[in-house]
Amino acid sequence: MALKKSELYGSLWQSCDALRGGMDASQYKDYVLSLLFIKYVSDKYADIPYAPITVPKGASFADMVALKGKPDIGDQINKKIIAPLAEANQQLSQADFPDFNDAVKLGDGKEKVDRLTDLISIFQNPALDFSKNRAEGDDILGDAYEYLMQHFATESGKSKGQFYTPAEVSRVIAQIIGIRAAKTSSDTTVYDPTCGSGSLLLKVADESGTAVTLYGQEKDAATSGLARMNMILHNMPTAMIVQGNTLTDPKFKEGDTLKTFDYVVANPPFSDKRWSTGLDPLNDKYERFKAFGVPPGKQGDYAYLLHIVRSLRSAGTGACILPHGVLFRGNAEADIRRALVRKGYIKGIIGLPANLFYGTGIPAFIVVIDKKDAQARKGIFMIDAAQGFMKDGPKNRLRAQDIHKMVDAFTRNLDVPGFSRMVSYEEIEKNEFNLNLPRYIDSQKAEDRQDIEGHLKGGIPQLDIDELQPYWNVCPGLRTALFKPFRTGYVALAVDEAAIKATIFEHPEFKTFITGMNGHFSAWRDANAKKLKGLKAGCHPKEIIFDLSEGLLAHYAGKPLVNKYDVYQHLMDYWAGTMQDDCYLIAADGWKAETYRIIEKDKKGKDKDKGWTCDLIPKSLIVARYFAQDQAVIDKLIQEVEAAAANLEELEEEHGVEDGAFAEFDKINRAAVIARLKEIKADKDAVEEKEILGKWLDLNAQEADLKKRLKEADAALDTKAYNQYPTLSEAEIKTLAVDDKWLAVLDSDIHGEMDRISHTLAQRVRTLAERYETPLPDLARRAADVEAKVSAHLVEMGFTW
């Protein structure tokens, strides 16, 4: 059975986190990720001649397994596994790996032995056979590595999350620098001067159409080791990752000058207060600060940016993540900013939501540097994407639609009100080269205004109705069906408030619109059903979702009332939750619907059979298509069981009061009721109580019988469904997976989008109607009437004031 991506990620994280104990996540990650690396290279490259990574005899994961339980396990891992592995591969060094014999971090004696033994056991799971679980072009392991790093970054607290740039932000950068459309080759160079664990570099490489050459420098020794492993896991073993301080000791040079690159990307430490330690900026031999000026001693943001500018070739493109202060701070930074703008190097600025990054909650932006067209540039393209995100635990996260919207606006220079526009140099100069985004783009949502005249005299303002023009463009007759003239500039509701929703939903024009949009989705669904059923073993899931999602986005472009990015997000969410795993199963095994037992360990460590399942074709799909009548019988039995239980509960409540038949019962069950009946058998005064208890026994027996029949019917259906799988043809499996599962879910989600559009209109009309329903004079009159009534009552009661 092929390994599901989501299961790999989840099980690794849960197992590793459970073993962490008191160790800081930022340290524990080094052990977990090193083990993942050793397991992967052992599965992939052991005993393979001319492999990009050499796994020496005696230094594989299997040899590590043999060390489990040994008193000197940590020392043996260092000497017999890591040392030979580092020695055999020039891109690795022993310093890249943590010390597996560190008593401070791992504990001493038995604690260390148990912890390392348990950690190795996690990776012994037979499902983690990485030699068979990698579709060409898809980085299951690399993605798992990134998933673990993201979780460790989340857990590492404020000061230790910098080793990881959120994947979504990396994806934005990779797409806006234009590497996908460029003619790239192995001669194309990409450089990250503060590469952390390498995730940003890898996203850029992934975006390129061909293999490119990667360079990275990272100050922290442990993190640079992670980056080297990450490159190998992502099938980029030739990437050059070096350790050292980029500002004081840049490692990539050509003679006495800095090496220059086609693309430079970076997420440097924000506002580094120690950037100049060990450096004389005024006499920098690499002349990074000569043309634009020296950054202030306590703010290192421009130091990194100017290093990027100096490291770019004459036609190079760069992108850097910086804090918002860089856009507007004064003094030395204002001078540098002015010089960069006048040089024409800044192509674009993209403001990001706050709280995206690990280690800080402050908002940041991406600055795009482009030397190629600097002289011809007439302005800077600006995007304020601060409002586009979703909450994800303590952090915010960019959704697929937020990324796509940013990239579309940037690459096509789209003028989107409240989001993006080209800002001329003249306008920037008028603002004294202050680039703070709110000066140029108002991304704040307009407040819902209150119309004073409407409140005083009644009537819904015409201006509020005009703002719903996109709806009236589609359904011009709906406007007159909902509203009637009231007085100049104001309208009144033409229907009862209770009838607003029905008026909209039942209007012929609106019905035509919804029918048309449903047909529009059907056209996309039918066209793609055929493509999806054509998938074969060896297909590439990342290519599948790219083609599918881009096609869906294009299909809904320009459609009225529908936000194409919202529709796109439905697909991307379903892909991440379910469809991705399915496509990886098909890529590995083809169209197979094989059942397997669910075995879980109980608290004592014993295996427990929890039934069966099938990943690609869940039981519910088989039942719905082949055994709908059986399910209908079960559904009816469930209703009858619920009704019987309700009758019992009602009887118990009715007679559970003081002096009731069940008042003295500690617990109402069959044994207690029978025992009570025996007690009062000869009591002539207990006729009513006997009757109630007898009724309870009858209802209880009825419920028990129904439950038994339900259990038998459920078991029979379970057997039928289980036996159906081996009989399924490939065509039937495709129909079940594509039509009944994938496209049925998307159909439902996108129908839900249409419902949301109609409900939004109904809710807005109702809000406006209620807001201006009672003018102020009427409210004052009502208040006076109520006051008069209260005063009269008080007088009657003898109160005077």
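Please read all numbers here as calculations on a predicted model, not as lab measurements.
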Ionic contact status for [Y] with [X], cut-off 4.0 Å:
{"X": "Asp114", "Y": "Lys112", "value": "no"}
{"X": "Asp573", "Y": "Arg399", "value": "no"}
{"X": "Asp75", "Y": "Lys80", "value": "no"}

Do [X] and [Y] come within less than 4.5 Å of each other through their side chains, counting heavy atoms only?
{"X": "Thr613", "Y": "Arg597", "value": "no"}
{"X": "Leu214", "Y": "Met236", "value": "yes"}
{"X": "Ile369", "Y": "Val264", "value": "no"}
{"X": "Leu201", "Y": "Ile241", "value": "yes"}
{"X": "Lys219", "Y": "Pro269", "value": "no"}
{"X": "Pro268", "Y": "Cys320", "value": "yes"}
{"X": "Phe252", "Y": "Ser311", "value": "no"}
{"X": "His234", "Y": "Asp206", "value": "no"}

Atom of [X], atom of [Y] and distance for their closest heavy-atom approach:
{"X": "Pro323", "Y": "Ser271", "value": "CG-OG, 3.8 Å"}
{"X": "Ile53", "Y": "Pro237", "value": "CD1-CB, 4.5 Å"}
{"X": "Ile544", "Y": "Cys539", "value": "CD1-SG, 3.8 Å"}
{"X": "Leu85", "Y": "Leu92", "value": "O-CD1, 4.3 Å"}
{"X": "Thr194", "Y": "Glu218", "value": "C-OE1, 4.0 Å"}
{"X": "Asn78", "Y": "Gln94", "value": "O-NE2, 3.3 Å"}

With no hydrogens and no angle check, do the side chains of [X] and [Y] hold a donor and an acceptor under 3.5 Å apart?
{"X": "Asp256", "Y": "Tyr286", "value": "no"}
{"X": "Ser197", "Y": "Asn230", "value": "no"}
{"X": "Gln124", "Y": "Lys68", "value": "yes"}

Between [atom1] on residue [X] and [atom2] on residue [Y], distance to nearest 0.5 Å:
{"X": "Glu254", "Y": "Thr260", "atom1": "CD", "atom2": "OG1", "value": "5.5 Å"}
{"X": "Arg171", "Y": "Thr165", "atom1": "CZ", "atom2": "OG1", "value": "12.5 Å"}
{"X": "Leu36", "Y": "Ser34", "atom1": "CG", "atom2": "OG", "value": "9.5 Å"}
{"X": "Arg115", "Y": "Ile120", "atom1": "CZ", "atom2": "CD1", "value": "13.5 Å"}
{"X": "Ile177", "Y": "Tyr263", "atom1": "CD1", "atom2": "OH", "value": "6.5 Å"}
{"X": "Leu532", "Y": "Asp582", "atom1": "CG", "atom2": "CG", "value": "11.0 Å"}

Ignoring hydrogens and geometry, is there a side-chain-to-backbone donor-acceptor pair from [X] to [Y] under 3.5 Å?
{"X": "Asn355", "Y": "Pro394", "answer": "yes"}
{"X": "Gln217", "Y": "Asp192", "answer": "no"}
{"X": "Asp63", "Y": "Ala59", "answer": "yes"}
{"X": "Asp102", "Y": "Lys105", "answer": "yes"}
{"X": "Tyr31", "Y": "Asp99", "answer": "yes"}
{"X": "Asn89", "Y": "Thr54", "answer": "yes"}
{"X": "Thr117", "Y": "Gly69", "answer": "yes"}
{"X": "Trp591", "Y": "Leu535", "answer": "yes"}
{"X": "Asp72", "Y": "Gln76", "answer": "no"}
{"X": "Asp589", "Y": "Lys592", "answer": "no"}

Test side chain to side chain contact (heavy atoms under 4.5 Å, CB included) on Tyr304 and Asp272; report intermediate values, then the result. CA-CA 9 Å; Tyr304 290 100; Asp272 187 352; 2.8 Å; yes
Identify, with sequence neighbours excluded, every residue that meets ring pair (Phe, Tyr, Trp, His ring centres under 6.0 Å) alongside Trp742.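 Scan of Trp742 (ring pair (Phe, Tyr, Trp, His ring centres under 6.0 Å), adjacent residues dropped) gives none.
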Residue [X] excluded, over 12 heavy atoms near [atom1] under 6.0 Å:
{"X": "Gln90", "atom1": "CD", "answer": "no"}
{"X": "Lys253", "atom1": "NZ", "answer": "yes"}
{"X": "Asp609", "atom1": "CG", "answer": "yes"}

Reference residue Thr184; test side-chain hydrogen bond (donor to acceptor under 3.5 Å, both in side chains); the match among Thr210, Asp262, Thr213: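 When Thr210, Asp262, Thr213 are each tested with Thr184, the side-chain hydrogen bond (donor to acceptor under 3.5 Å, both in side chains) holds only for Thr210.
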Please step through side chain to side chain contact (heavy atoms under 4.5 Å, CB included) for the pair Leu247 and His307, ending with a clear verdict. CA-CA 7 Å; Leu247 294 182; His307 176 85; 4.2 Å; yes
Could you go through the side chain to side chain contact (heavy atoms under 4.5 Å, CB included) check for Phe261 and Val190 one step at a time? CA-CA 6 Å; Phe261 305 88; Val190 184; over 6 Å; no
Using a 6.0 Å distance limit plus a 45 degree cone around the ring axis, check whether [X] lies over the aromatic ring of [Y].
{"X": "Arg180", "Y": "Phe546", "answer": "yes"}
{"X": "Lys259", "Y": "Tyr191", "answer": "no"}
{"X": "Lys39", "Y": "Phe37", "answer": "no"}

Might you work through the side chain to side chain donor-acceptor pair (under 3.5 Å) test for Ser121 and Asp118, ending with a clear yes or no? CA-CA 5 Å; Ser121 297; Asp118 289 344; 5.0 Å; no
